[in-house]
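The structure displayed is predicted, hence computed values, not measured ones. In what follows, every chain begins at residue 1, and chains take the letters A, B, ... in the order their sequences are listed.
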Protein chains: 2
Amino acid sequence: MKSRFSNKFIVPDLAIVQREGGYARGRDGHAQILRAALDLLVEQGYRAMSMRRVAEACGMKLGNLTYYFPTKEDLVRELLDAVISSYEIEFDAIVHETGVSAEDRLAEVCILILEDICTKKTTRIFPELWALSNHDAFVLERVQEMYARARVALEETIGEINPALPADERAMLALFISGSMEGLTMFAGHEKPFQPQMPWLERIAVKSFVQIVSTIRPGEMKGGS
Amino acid sequence: MKSRFSNKFIVPDLAIVQREGGYARGRDGHAQILRAALDLLVEQGYRAMSMRRVAEACGMKLGNLTYYFPTKEDLVRELLDAVISSYEIEFDAIVHETGVSAEDRLAEVCILILEDICTKKTTRIFPELWALSNHDAFVLERVQEMYARARVALEETIGEINPALPADERAMLALFISGSMEGLTMFAGHEKPFQPQMPWLERIAVKSFVQIVSTIRPGEMKGGS
DNA sequence: GCCATTTTTTGTCAAGTGTCCTAAATTCAC
DNA sequence: GTGAATTTAGGACACTTGACAAAAAATGGC
């Protein structure tokens, strides 16, 4: 499952924003709740993430949990923010990488994402988010915002590989590549039937992406033959 | 949103297996329940698909619903089967299509799937199934079985385009292509932010898929340079 | 029309859900 | 140490959920 690229980047579980006031214990409790909620979400799914179970999971009484998060929506939103922020931080970091060729950087970004897909956390959480985003505008917007940031790195390298491509077509290519990788979650993600074949899929993906980025010509995806 | 290929195939909502005995009214009720459950699942998500809401949605009392489906698991399994079967029927049908070139057949299969992704039903249901499959072995198996059938058509045309490829590498390519398309659901599916750009994505996808299938050489994805 | 079979109604059950409120305990700057 | 602010505990509320049971109604072959 190890790739030929070193894992310089690993996405941390949560990017928790420290609360302003309060005591030290309060800050601990705050973070503890988010971690417990995430763990419940990953291990047993969204249905299991009830206020009572979250409270129990971090040795807390229900009444205390509602002190930190008066409503469940508060908890869900802050958890979503913490989870997604951790991905965004990584994506923002990789943008400023330099030194290797454009093709290798494209490959590197893709490998990072594909390796992350194999993670239990990512395999479990993202389908949950996709399902939620179908009926919750807030989740939809937040998730799409994250993907938009993920595409920044892709668009940049695409521009280096194929400078003739206009911006909107670069964006489309990045969108295709990003979505293409996400789709492998259900097949080669954690404990999925084709997880052992992920290295093969990585090679196919990288070769395929580099190829389409290099060979597509301006206007071709819009109406050219 | 119309593609250059005619929509010969449209996936019907449900492939309901008729019950054996009983009165005519009973058979109606049976189908009515499955339709109401599907509608609830699509319109409001899995959480809204409670026994009471399903019963109410088809003008039925709760107790009557439990007569048809003693447990909720019974209902979910039969609904899942009806939904997935409708897709499998289409996939099986397209395999027996002939007449056009291998490249065009690959394109046709891909277009069919990508058009289906834009459907409200597919956009809504599949993320739900992916999320469920993370914590329900039955759902996982049934969904993966469906995808396996969907890959049959892909593997066949891949073999025609690149006959030198061994079976397992053809299978990997089909897996990549299938997963690649599924991933676009969250971006260009029904009411998703890039739904209007789906035609562009279709062209990118088809060109990319044909390219990788045509140019990849045996052994390349396993260890070649 | 009879009558066994099938379908429907009605009511109940225990368990779980999110939310709210009050009183007690703890923390920590002063 | 005192005391105000913060954190915890405990209980209660109204509501939803899946499952179950028994009586009532409708169906349709004979």
Side-chain angles (χ1 to χ4, degrees), chain A residues 16-38 40-41 43-80 128 131-132 135-136 138-139, chain B residues 16-38 40-41 43-80 128 131-132 135-136 138-139:
Chain A
I16 301 176
V17 290
Q18 285 288 1
R19 281 196 319 172
E20 58 290 3
Y23 298 161
R25 186 158 185 176
R27 263 168 279 135
D28 284 0
H30 189 80
Q32 203 179 357
I33 291 170
L34 291 176
R35 267 191 291 270
L38 175 66
L40 232 34
L41 184 60
E43 297 297 335
Q44 309 188 50
Y46 183 78
R47 299 182 61 190
M49 207 185 76
S50 71
M51 298 292 269
R52 280 172 178 81
R53 291 205 209 197
V54 171
E56 190 187 20
C58 49
M60 206 177 262
K61 296 298 176 182
L62 173 63
N64 198 15
L65 177 55
T66 70
Y67 162 73
Y68 287 98
F69 299 95
T71 82
K72 185 174 184 181
E73 195 179 347
D74 293 327
L75 173 56
V76 170
R77 292 202 173 198
E78 201 158 324
L79 176 62
L80 183 67
E128 218 75 62
L132 285 177
H135 304 97
D136 185 326
F138 173 77
V139 177
Chain B
I16 300 176
V17 289
Q18 286 289 2
R19 281 196 318 173
E20 58 289 5
Y23 298 162
R25 186 159 185 173
R27 262 168 280 136
D28 284 0
H30 189 81
Q32 201 179 359
I33 291 169
L34 290 176
R35 266 191 291 270
L38 175 65
L40 233 34
L41 184 61
E43 296 297 335
Q44 310 188 51
Y46 183 76
R47 298 181 61 192
M49 207 186 78
S50 70
M51 298 290 269
R52 277 173 178 81
R53 290 203 210 199
V54 171
E56 190 186 23
C58 49
M60 205 177 263
K61 299 298 176 183
L62 173 63
N64 199 15
L65 177 56
T66 70
Y67 161 73
Y68 286 98
F69 299 96
T71 84
K72 184 175 184 181
E73 196 180 346
D74 293 326
L75 172 57
V76 170
R77 292 201 173 197
E78 200 158 323
L79 176 62
L80 184 67
E128 218 75 63
L132 286 177
H135 304 96
D136 185 325
F138 173 77
V139 176

Just how far, in rounded Å, is [atom2] of [N] from [atom1] of [X]?
{"X": "B:Lys61", "N": "C:dT12", "atom1": "NZ", "atom2": "P", "result": "15 Å"}
{"X": "B:Arg19", "N": "C:dT5", "atom1": "CZ", "atom2": "C1'", "result": "13 Å"}
{"X": "B:Met60", "N": "C:dT10", "atom1": "CE", "atom2": "P", "result": "14 Å"}

For this session: Please examine the side chains of A:Tyr68 and A:Gln32, heavy atoms only from C-beta on, and report whether any two atoms are closer than 4.5 Å.
Result: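 Not in contact.
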
Exercise. So do A:Arg47 and B:His135 actually touch side chain to side chain, heavy atoms under 4.5 Å?
Worked result: no

For this session: Kindly write out the residues that satisfy side-chain contact (heavy atoms from CB on, under 4.5 Å) with B:Arg77, not counting sequence neighbours, or none if the list is empty.
Result: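 In terms of side-chain contact (heavy atoms from CB on, under 4.5 Å), with neighbours along the sequence ignored, B:Arg77 is linked to B:Glu73, B:Phe138.
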
Problem set entry | Strand contacts (DNA chain D) in residues 26-36 of chain A, 4.0 angstrom heavy-atom criterion |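 Here the set is A:Gly26.
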
Seminar exercise, completed: So the ring pair (Phe, Tyr, Trp, His ring centres under 6.0 Å) pairs with at least one residue in residues 16-37 of chain A (sequence neighbours excluded) are A:His30-A:Phe69

Problem set entry | Distance in Å, A:Thr66 OG1 paired with A:Met60 CE, rounded so as to fall on 0.5 Å steps |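 Those atoms lie 10.5 Å apart.
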
Problem set entry | Distance in Å, A:Leu41 CG paired with A:Leu80 CG, rounded so as to fall on 0.5 Å steps |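 Reported value, rounded in 0.5 Å steps: 10.0 Å.
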
Can you name the closest pair of heavy atoms from [X] and [Y] and give their distance?
{"X": "A:Pro70", "Y": "A:Asp74", "value": "CD-OD2, 3.6 Å"}
{"X": "B:Ile16", "Y": "B:Leu34", "value": "CG2-CD1, 3.9 Å"}
{"X": "B:Met49", "Y": "B:Leu79", "value": "SD-CD2, 3.8 Å"}
{"X": "A:Leu75", "Y": "A:Met51", "value": "CD2-SD, 4.2 Å"}
{"X": "A:Glu128", "Y": "A:Gly45", "value": "OE1-CA, 3.8 Å"}

Pairs: protein N or O with nucleotides 19-21 of chain C N or O, under 3.5 Å:
{"unit_1": "C:dT19", "atom_1": "OP2", "unit_2": "A:Lys72", "atom_2": "N", "d": "2.5"}

Exercise. On DNA chain D, which is the earliest and which the latest nucleotide, 5' to 3', with an atom closer than 4.0 Å to a heavy atom of chain A?
Worked result: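 Both ends considered, the range comes out as D:dA5 to D:dA12.
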
Exercise. Within the structure, does a side-chain N or O atom of B:Arg47 lie under 4.0 Å from either OP1 or OP2 of C:dG18?
Worked result: no

For this session: Answer yes or no: does atom CD of A:Glu78 have more than 12 heavy-atom neighbours from other residues, nucleotides or ligands under 6.0 Å?
Result: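 Atom CD in A:Glu78 is packed in, count exceeds 12.
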
For this session: List the protein contact pattern of nucleotides 24-30 of chain C with one symbol per nucleotide (5' to 3'): B for base contact, S for sugar-phosphate-only contact, - for none; contact means a heavy-atom distance under 4.0 Å.
Result: --SBS--

